[in-house]
Amino acid sequence: MALVFIVTLVQDSTFKSVNETSVPLLFVDNDKDSLSFQLENSLTQAHFFTTSKKNISVDEAKQLVATGKFLMAVIVPENISKKLRNKAKAKISKAFNPNDSIINDDSELQLQLFFDPITKQSFKVTISSAIDKIVSGIEMQSLTKELSQQLKQNFPNAKPIAFDSKPLVTTIQQYASTNETSLVPNSVQHNVPAWTMFAMFFICIPLSANIIRERDDGSAFRLLTMSGSYLNVLMGKILIYLLVNLIQFVLMLCVGIYFLPMLGLPQLQIGNNFFTLLVVALSSGLAACGFGLLVGTIAGSVDQAALFGAVSIVILAALGGVWIPTFVMPEFMRKISSISPLNWGLEAFYGVFVRGLSLGGIFIYLLKLKLFFVACVSGAFYYQVYRRMR
Amino acid sequence: MENQFVEIQNISKLYKGSLVPAVNNISLQIKKQSVFGLLGPNGAGKTTLISMLCGLFKPDSGKIFVDGFNTISESKKTKQIIGVVPQEIALYAKLTAWENLMFLGQMYGIESVELKKRINEHLQILGLEENKNQQIRTFSGGMKRRINLIAGLLHHPKLLILDEPTVGIDVQSKTAIINHLKKINKEQGTTIFYTSHHLDEAQDFCTHIAIIDEGKLITEGETNEVIKKNNCKTIEEVYLNITGQKFRD
Ligand SMILES: Nc1ncnc2c1ncn2[C@@H]1O[C@H](COP(=O)(O)OP(=O)(O)OP(=O)(O)O)[C@@H](O)[C@H]1O
Ligand SMILES: [Mg+2]
């Protein structure tokens with residue numbers, strides 16, 4: 001349990017930088033006119049940056065970004081608004097009076113963007129195009145403003161056209177929830193199910209110890225000489241350990257929902273499909289118990305079982321994305337990851353918590369977990385029969 | 001052949017990794033309602049033989065029939081007939097005596113009212129009534145043995161198999177256990193198969209005796225006959241003559 005708090009707190013910061021409002025942006029305004037005001041406004045409204053405004057030179061700004069104080073800087077050159085207005089005016093008047101020879105300023109108007117070298121290409125492209133878009137919006141506005149003024153001059157009776165600055169076409173950006181690779185749950189959404197899976201599989205240690213102890217102290221001997229099926233005895237055991245697992249599961253959820261927010265972490269969102277959640281918990285718990293049963297049956301001693309159990313769970317957990325979420329793993333690791341039962345459980349939990357899927361959507365994971373359980377139990381049972389009857 | 005309740009035919013068992021067989025070509029017949037004592041030094045193969053008799057292990061060769069049923073191919077039927085008291089005290093230390101017996105009785109499929117009645121009867125006879133709600137871990141060795149015994153009797157088996165039921169306990173507990181077994185043997189007609197290191201106890205208790213050593217059958221027959229045919233006065237004398245004085249394991 002303690003592990004959950006620590007890891008969640010640590011990871012929270014890493015998740016945040018990808019996920020939340022915290023790209024530190026340096027804004028240098030040498031223009032102090034309409035363009036810079038509008039640009040600044042748009043940037044603050046984007047909720048994606050924490051904008052700091054500084055009155056410094058281009059070189060100083062560059063230095064601040066290079067040293068990592070800011071992830072990026074936007075530098076608005078002097079008089080850019082004025083130049084933009086002049087350009088717009090020139091363009092429009094030229095359209096209305098093609099023969100007029102108004103001196104056209106051909107110099108390009110440029111905003112300067114600096115990026116921290118650690119940022120990815122994709123980040124740069126995204127940000128640049130976002131800023132481009134804001135700027136072309138502003139450009140468009142000054143053109144339309146100029147246009148309506150010219151129209152008024154040429155056709156005094158015409159009603160002024162009200163152009164609102166809203167773009168006619170907008171794009172909506174969101175996480176495509178059915179596409180798993182782009183899904184970025186926050187640290188709590190990741191850690192609580194991840195460590196729940198981990199803890200659930202750790203039932204393997206006491207369960208296998210129990211089986212081995214019964215084998216050593218003669219209880220298994222007695223139970224095996226009874227006419228009832230030994231499989232029923234095993235199922236009874238699994239039922240009890242499954243119950244323990246479910247209690248553990250509920251406790252972990254409570255930690256995520258009530259306790260972590262007290263530490264200033266986001267609250268665990270468990271979706272609202274409780275039945276599905278229960279099915280996921282049961283399936284994961286069964287898979288974990290089945291694994292414990294198999295380990296306990298095959299291992300020769302309690303120590304052996306504990307060692308093998310612990311090591312294999314840690315490996316399966318690492319593969320399955322308990323420590324490092326699968327979505328930050330490279331593609332080939334993600335492929336390997338999908339052989340870990342912990343990963344199936346984790347994906348199923350994500351399905352319910354984050355993607356809001358119903359039973360159908362996570363069916364494949366549930367099926368895998370159940371098959372794993374059946375395979376483990378039959379493996380354990382037949383190994384036990386084989387050992388006696390060979 | 002009639003009257004033979006248990007028929008053990010040339011069974012052998014070699015454990016994986018060991019060089020000599022733990023049980024080596026043993027054949028025995030056990031009459032209905034008899035008390036059969038299997039004697040032998042440590043490591044002679046008594047527990048191994050019992051494991052096969054219960055259908056827990058398959059003999060490498062040979063067959064065992066209990067009341068006409070093959071212990072392997074008809075294991076379900078034979079398991080219904082037998083009751084087993086293991087050499088180890090196979091009880092749940094943190095549960096009370098009562099809880100242990102209720103659990104095991106239910107595992108044997110005994111209906112609850114009847115089960116409670118039987119448990120109380122046995123507890124009373126073996127003098128454990130007052131301790132029934134104590135945890136097993138607080139029990140003395142003799143008390144544990146007695147509970148262990150009751151656990152194998154509850155379902156009224158036709159064949160009761162006991163692996164050293166009187167090991168490591170005082171004379172009082174021992175006497176209580178043996179007397180209880182004698183009574184069950186007489187009243188319920190239960191056939192008893194038992195192993196022990198207490199030779200005088202065996203001589204007094206058993207109608208038939210077999211002595212095995214290093215997996216092999218050395219001598220067997222009715223108790224008195226065995227003594228007679230070896231020209232001895234007691235089973236202990238027979239035993240020492242046969243198995244010698246050296247340590248076995
Ligand atoms: N599971 C096992 N694996 C390998 N060897 C075993 C196993 N169980 C018993 N043996 C060996 O088989 C032989 C017979 O053992 P067994 O337990 O049947 O003897 P026993 O007559 O019951 O002895 P004791 O009087 O000490 O209970 C011994 O040499 C023992 O070491
Ligand atoms: Mg033994």
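Within every chain, numbering begins at 1; the chains are lettered A, B, ... in the order of the sequence lines, protein sequences first and strands thereafter.
With a threshold of 4.5 angstrom between heavy atoms, B:I89 approaches chain A through N, CA, C or O but not through any side-chain atom.
The shortest side-chain heavy-atom distance between A:M226 and B:V84 does not fall under the 4.5 Å cut-off.
Looking at every heavy atom in both residues, B:A90 comes nearest to A:G218 through CB-C, 3.4 Å. Between B:L56 and A:M389 the shortest heavy-atom distance is O-CE, 3.8 Å.
The local environment of OH in A:Y258 is sparse, with at most 12 non-hydrogen atoms from other residues, nucleotides or ligands closer than 6.0 Å.
Close approach to chain B, defined as a heavy atom under 4.5 Å from one of its heavy atoms, is seen in no residue of residues 300-318 of chain A.
For A:K370, there are no salt bridge (Lys or Arg N to Asp or Glu O under 4.0 Å) partners at least two apart in sequence or on another chain.
The stretch residues 50-73 of chain B participates, sequence neighbours left out, in no ring-ring contact (aromatic ring centres under 6.0 Å, His included) pair at all.
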Hey, can you dump all donor-acceptor pairs under 3.5 Å between chain A and chain B, distances included?
| unit_1 | atom_1 | unit_2 | atom_2 | d |
| --- | --- | --- | --- | --- |
| A:E214 | OE2 | B:Y92 | OH | 2.8 |
| A:R222 | NH2 | B:A90 | O | 2.9 |
| A:R222 | NH2 | B:N148 | OD1 | 2.7 |
| A:L224 | O | B:K79 | NZ | 2.9 |
| A:R388 | O | B:K58 | N | 3.0 |
| A:R388 | NH1 | B:L56 | O | 2.8 |

